[in-house]
Every structure is written in structure tokens, then in C-alpha cells.
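These notes concern the structure reproduced below.
Quick note on labels: first sequence line is chain A, next is B, and so on, each numbered from 1.
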Amino acid sequence: MIVVHWLFEGMRIYRHISILTILCLLLPVPQAVGKVYLDIGAPTFQQIPIAITDFKELKNNRNANELSGWFSENLADCLKMTGFFNVLNKRAFLGNPEQEDLTAKSIHFDDWVAIGAEYLVKGGYLYDGTKLVAEFRLFDTVKGEPVIGTKYEGQLKDRKAMVSKFASEILYVLTGERGVFDTKIAFVLKNGPTSDIYTINFDGSQLTNLTNYKSITIAPRWSPDGRAIAYTSYKDGRPDVYIKNVAGYAARKIIGYKGLNLPGSWSPDGRKILLTLSKDGNAEIYVMDIEQGSLKRLTNNFAIDVSPVWSPDGRKIAFVSNRSGSPQIYVMDSDGNNVRRLTYEGAYNTSPSWSPKGGIIAYEGRIDGKFQIFCIDENGDNLRQLTYNSGTAESPCWSPDGRYLVYSSMAGNKGQICIMDALGKNIRVLFEDKAICMSPSWSPRFK
Amino acid sequence: MEKRAKMSGVFVVLCFLSLIMMAGCAEKTVVPEQPVVPNEQALKEQALKEQALKEQALKEQALKEQALKEQALKEQALKEQALKEEELKKAKEEAVTPAVSSVDIEDIHFDLDKYNLSSEARATLEKLANWMRQHKDYYVLIEGNCDERGTNEYNLALGEHRADAAKRYLMDLGVDEIRIKTVSYGEERPLDPAHNGEAWAKNRRDHFVINITKK
């Protein structure tokens with residue numbers, strides 16, 4: 001697929017410069033300078049209202065066939081999935097968008113502002129039976145000007161990728177970071193006494209089983225390049241740690257001592273992996289050099305120490321310990337020194353996940369007999385409850401952009417994998433089954 | 001083997017039937033032609049020949065059937081012999097080592113997020129220790145389990161502590177460490193898969209699997 005940013009590249013820079021200039025002139029407020037992005041992490045954030053018209057068949061300049069609607073619907077789905085957009089209903093459109101083409105001068109921006117659209121996407125395509133060319137343009141309706149435009153060339157089968165690429169472009173230009181449309185989530189599906197690891201796309205498509213051992217297989221952990229997953233399986237009768245290439249078949253046992261062998265997170269460079277091992281009689285945290293196989297013990301305590309995760313810079317490790325009498329989240333330096341307790345509220349806090357943007361740790365805690373997802377700053381401030389699930393919400397894991405959390409849930413007798421934004425809003429059920437769903441792990445972005 | 005024997009039996013029967021039919025046909029065709037030139041001698045000879053052929057076929061058939069029967073009987077006998085030998089072997093093994101079911105050790109249970117042994121659990125372990133001291137050829141596998149609530153990783157560690165608590169108590173009571181193995185299944189092998197308090201209480205347990213020591 002060929003991608004051409006062909007239209008407004010220069011204009012975009014121009015626009016940002018002009019905004020900066022205007023802001024500098026009119027509002028000499030320090031925090032406004034240099035920041036044109038919408039802060040989607042702010043508690044006051046409102047969804048961005050956006051209109052998407054059906055795409056035009058460019059040769060005849062009209063909405064010719066089902067591809068017209070396909071492009072607008074799929075782009076709308078993509079943007080809705082982010083939770084950051086309110087895609088306006090086509091029936092609310094004023095005037096006749098059919099009479100507008102893809103140029104700013106043909107668009108009646110007042111009509112779009114009147115229905116509350118702050119942004120407008122228009123597009124067109126050419127399909128000759130083999131080659132598909134699709135153009136996407138984003139307009140700022142308030143300013144009445146184009147923001148970005150991109151042209152993609154490929155085959156018909158590439159159209160979904162074209163849509164998610166442009167959705168990612170929209171996110172980037174409005175929020176400063178690309179989307180996570182091409183990521184996957186690995187999780188455990190437990191059917192009676194056996195469990196296996198599955199992966200699923202961010203949009204809920206392509207459920208694929210990674211393991212099929214008819215044994216107990218748990219705790220999937222993506223490598224930082226997204227090519228491999230580490231996990232624990234009882235396939236040889238005991239809980240040993242394996243690494244498997246996502247694309248391949250063979251799994252490699254990397255460690256299998258007496259007692260528990262569980263993977264924690266991989267180091268940011270992918271060379272090391274944190275482990276929970278009980279080979280010395282009690283669950284302790286170790287770091288292993290994957291190639292050399294060398295081990296270094298990081299904790300030394302009679303209590304349970306489990307579920308280690310690195311901070312994004314690799315300098316600290318969060319983990320779970322019951323050394324105080326109940327399971328709580330602790331943080332230590334990556335060499336095992338400077339252990340300090342992070343959580344004090346509640347008698348059961350486990351499953352830490354460190355935000356890739358740093359600073360925040362999500363975890364599961366028990367409140368009123370139920371498990372819910374919480375967040376806390378790494379200095380122990382700003383504790384907040386994110387879920388108020390009627391069943392349970394467990395095992396949170398951050399998306400690679402730090403904007404979403406995936407977690408497992410029990411709703412009635414159904415297992416679910418759910419996604420929500422970092423404020424606990426916009427919950428989307430990604431997968432549901434009568435089997436129990438556990439331990440979701442979000443992949444990095446694939447290169 | 002049996003199937004093939006049956007098939008060949010069917011084949012033989014079919015051959016025989018077709019022989020009879022052919023013979024019948026031959027009679028029909030021969031008889032109406034004779035009145036023109038009556039030859040009693042020839043007719044008699046013809047009849048005798050046919051009779052002989054029939055008898056021959058019958059005899060062969062009988063022989064074959066006999067052979068098949070004998071074959072089947074032999075096989076049956078061999079099978080019975082094998083079964084008997086197997087049973088004997090089993091009986092012998094059981095005679096040497098008493099059945100495992102002669103000790104009945106129920107699961108021991110734990111409080112939520114705890115791995116200390118209750119007085120009931122201790123009584124059960126004392127019974128097990130007694131039995132193991134008397135039956136030196138056996139080892140015990142202690143499976144530590146949790147209920148489904150909470151993180152499965154933490155529960156795996158908790159299950160391990162539950163199994164270890166029982167192991168240490170057995171060692172205290174004089175059972176050799178070599179004869180005690182442990183494994184934690186965390187929340188992965190619930191006895192009762194329901195999602196309620198009753199099931200959870202059942203699932204927070206150590207389960208004991210007793211086996212003969214491999215020599």
C-alpha cells in the first residue's frame with residue numbers, strides 16, 4: 001500500500017504556526033503557548049464532535065456504490081472505538097453534502113458548525129477492479145480550513161488498513177499521538193480445568209489461539225517488539241515458563257525450576273525478563289537474561305512476592321507482596337533496593353500495570369467484597385477507582401499509548417475482556433464467552 | 001481377523017447356494033429333452049453324478065465350517081487365557097501392595113487469603129502421617145488450591161503456601177521429605193466451578209494424591 005501525504009502537509013505547519021502566532025498575540029498565557037493538542041486525558045475532556053460524509057466515487061463525482069458508505073461507516077467505527085469522538089448521525093446533516101466536493105471552497109462550513117460538528121471528514125476513491133485509490137481529508141469546520149489530507153493506493157483488501165491509518169492520522173494531528181488500531185490483546189480463556197492463550201485485534205476481530213495444550217496455560221506477556229509471548233504452562237505437569245513466537249509454532253522452555261515459574265514483564269530492550277520463582281522455597285522475584293539464562297534474585301522475604309512489572313524507563317519495579325499480612329503493591333529499584341509500599345487502602349491489592357507514559361500504576365483491589373480497577377500515582381498520591389463493575393473487574397493492562405486499559409470481567413456467568421479509557425469511561429466489551437476470561441495483556445504497536 | 005472369517009463364511013454359503021441353483025436349472029433343462037430318446041441308464045447316471053457332486057459340495061462346506069468353528073474356538077480360548085493371565089497379574093500386584101483406597105484422606109480447607117492449618121486440617125494430616133509411616137512404599141502429592149477470586153498469579157503463590165503448610169506439618173510428624181511432593185494449581189482447578197461462597201469455601205483446599213513409590 002502506498003501512502004501519499006499530498007495535500008496539506010505545508011498547510012498544516014502553516015496552520016500551527018499561525019495558531020501559535022495568534023495565541024501569542026492574543027493570549028500571552030504560558031500554558032497555551034506551544035500546545036495545540038486536545039488534552040484527552042483531562043477529566044473535563046468532552047468527546048470531539050465529528051461528521052463523516054459518504055465517500056465520493058471520484059471519476060463521476062458522486063456516491064456511486066456500496067464503497068461510498070463502507071468507507072464512512074468503517075472510519076466512524078474506528079473513531080468511535082477510541083472513545084474520543086462523537087460521530088454525528090448522518091441524518092442530522094444539513095444541506096446536501098452530495099453537492100460539496102473535497103475542496104474547502106465547495107464546503108458550507110456554517111452548515112456543519114450549525115449541527116455541532118467541530119471537524120469534518122470527506123473522502124473519495126477510485127476503483128478500477130484491481131487498483132484502489134482512496135483520499136481522506138480532515139477539515140476544521142470552525143476555522144473553515146483543511147487540516148490534513150492523505151491519499152492511499154493499494155488493492156481492495158487494503159481498504160480496512162487505509163481507514164485505520166487515516167483514523168490514526170486524525171488522532172495524531174488532534175491529540176499528538178497515533179492510535180492503537182493495529183494492536184492485539186492476548187488473554188487466557190479458561191474452559192473447566194484447562195486453559196489456553198488467545199489473541200484478538202483491538203477492534204475485536206481475528207480471535208486466534210496461540211496455545212493448544214489442553215493443560216493449564218496462563219500469564220501471557222508480550223515481548224517489546226510484539227513478536228513473542230512469554231507464558232506459563234503446566235503442559236509438562238508443572239508450571240514452567242515458555243516463550244513462543246506469535247507467528248511460529250514451536251515454544252521454547254526458558255525456565256523450569258521446582259515450584260512456581262511465572263513470567264513478569266520484559267525489559268524495555270527485550271533482553272531481560274522479570275520472573276516469579278519459588279525454587280528457593282517461597283515465591284521471590286528474579287530477573288533473567290534471556291539469552292544467557294543468568295538469574296539474579298531481587299527480593300528476599302518470607303512472604304509471597306509476585307507479579308513484577310518494570311517502569312517504562314526500566315529503573316523501577318512494581319510488584320505484589322503480602323509481607324504486611326495482606327497483598328499490597330510495592331515499588332523497588334530495579335536492583336531490588338529501596339522497597340516501599342505503595343497501596344494502603346483496602347486489604348487486597350494485586351496485578352499492577354505501569355503506564356507506558358510513566359507515573360501511574362493501575363491495579364486491581366477489593367472493595368465491598370468485589371474486585372475493581374484502581375489507579376495510583378507512582379508516588380502514592382491520587383488514588384482513584386476506575387470501575388464500578390457489578391461483577392468483578394480484574395487484571396488491568398495499559399495500551400501502548402497509555403490511553404486505555406484492558407481488563408477481565410465476570411458479568412453474570414459470562415467472562416469478558418473489556419477496554420476503557422484512562423478515566424474509566426467508554427467501556428467497550430472486546431470479547432465475551434461463557435468460559436472464564438483472564439489476564440489480558442496488550443501488545444506493543446507492531447512495526 | 002474375526003471379520004475376515006465371517007466374510008469368508010458368507011462367501012462359502014453363497015457358493016453353495018449357487019451350486020444348488022445351477023443343479024436345479026440343469027435338471028429342468030435336461031428332463032424335457034429326454035422323452036424323445038428315453039435312456040434310463042443315462043438318466044440314472046446323470047442323477048447319480050449330480051447326487052455325488054451335491055454330496056461332495058456339502059461335505060466340503062461342512063469341513064470348511066468345521067475349520068472356521070475350530071479357528072474361532074481357538075481364538076476365544078486364547079483371549080480368555082490372556083484375560084485370565086491379566087487378572088492373575090493384577091491380583092498378584094494387589095496382594096503385594098494393598099489398595100490405595102485403604103487410606104481415605106479428605107481435603108483440608110483454608111480461610112480466605114490464608115494458609116494456616118485449622119485443627120480439623122491438623123487432625124486429617126495426623127491421620128495421613130500415621131498411615132504413611134506404616135506404608136513406606138507410598139508418596140503423597142499435595143495439591144494446593146484457591147478460590148477464583150483475586151489474581152491468579154497471587155493465588156498460585158497462595159496455593160503453594162497452602163501445600164507447603166501441609167508438607168511441613170507432615171514432616172514434623174516424621175514423614176520423610178522425599179515422600180512428599182507439592183504442586184500449586186492456584187485457582188485453575190476448582191472442585192466446584194460455581195461462582196458463590198459455598199463453592200469458594202470448597203475450593204480453598206489441599207488435595208492429597210497418594211501413589212506407590214516408583215522403584
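- Checked against side-chain contact (heavy atoms from CB on, under 4.5 Å), K127(B) has the following partners two or more places apart in sequence or in another chain: I105(B), E106(B).
- In I178(B), the CD1 atom is not crowded: 12 or fewer heavy atoms of neighbouring residues, nucleotides or ligands sit closer than 6.0 Å.
- Heavy-atom distances place the side chain of L262(A), and not its backbone, under 4.5 Å from chain B.
- Note: P193(A) leads A283(A), P193(A), G259(A) in heavy-atom pairs under 4.5 Å with chain B.
- In this structure, I304(A) and A157(B) approach most closely via the heavy-atom pair CG2-CB, 3.4 Å.
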Could you show, one pair per line, the donor-acceptor contacts under 3.5 Å between chain B and chain A?
unit_1	atom_1	unit_2	atom_2	d
T151(B)	N	Y348(A)	OH	3.4
T151(B)	OG1	T350(A)	OG1	2.4
T151(B)	OG1	E364(A)	OE1	3.3
E153(B)	OE1	R221(A)	NH2	3.2
E153(B)	OE1	S307(A)	OG	2.7
E153(B)	OE2	R221(A)	NH2	2.4
Y154(B)	OH	N322(A)	ND2	3.4
E160(B)	OE1	S278(A)	OG	3.0
E160(B)	OE2	L260(A)	N	3.3
E160(B)	OE2	S278(A)	OG	2.5
H161(B)	NE2	N282(A)	OD1	3.0
S184(B)	O	Y234(A)	OH	2.3
E187(B)	O	K190(A)	NZ	2.7
R189(B)	NE	P193(A)	O	3.4

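- Within the 4.5 angstrom heavy-atom criterion, only side-chain atoms of L112(B), from C-beta onward, approach chain A.
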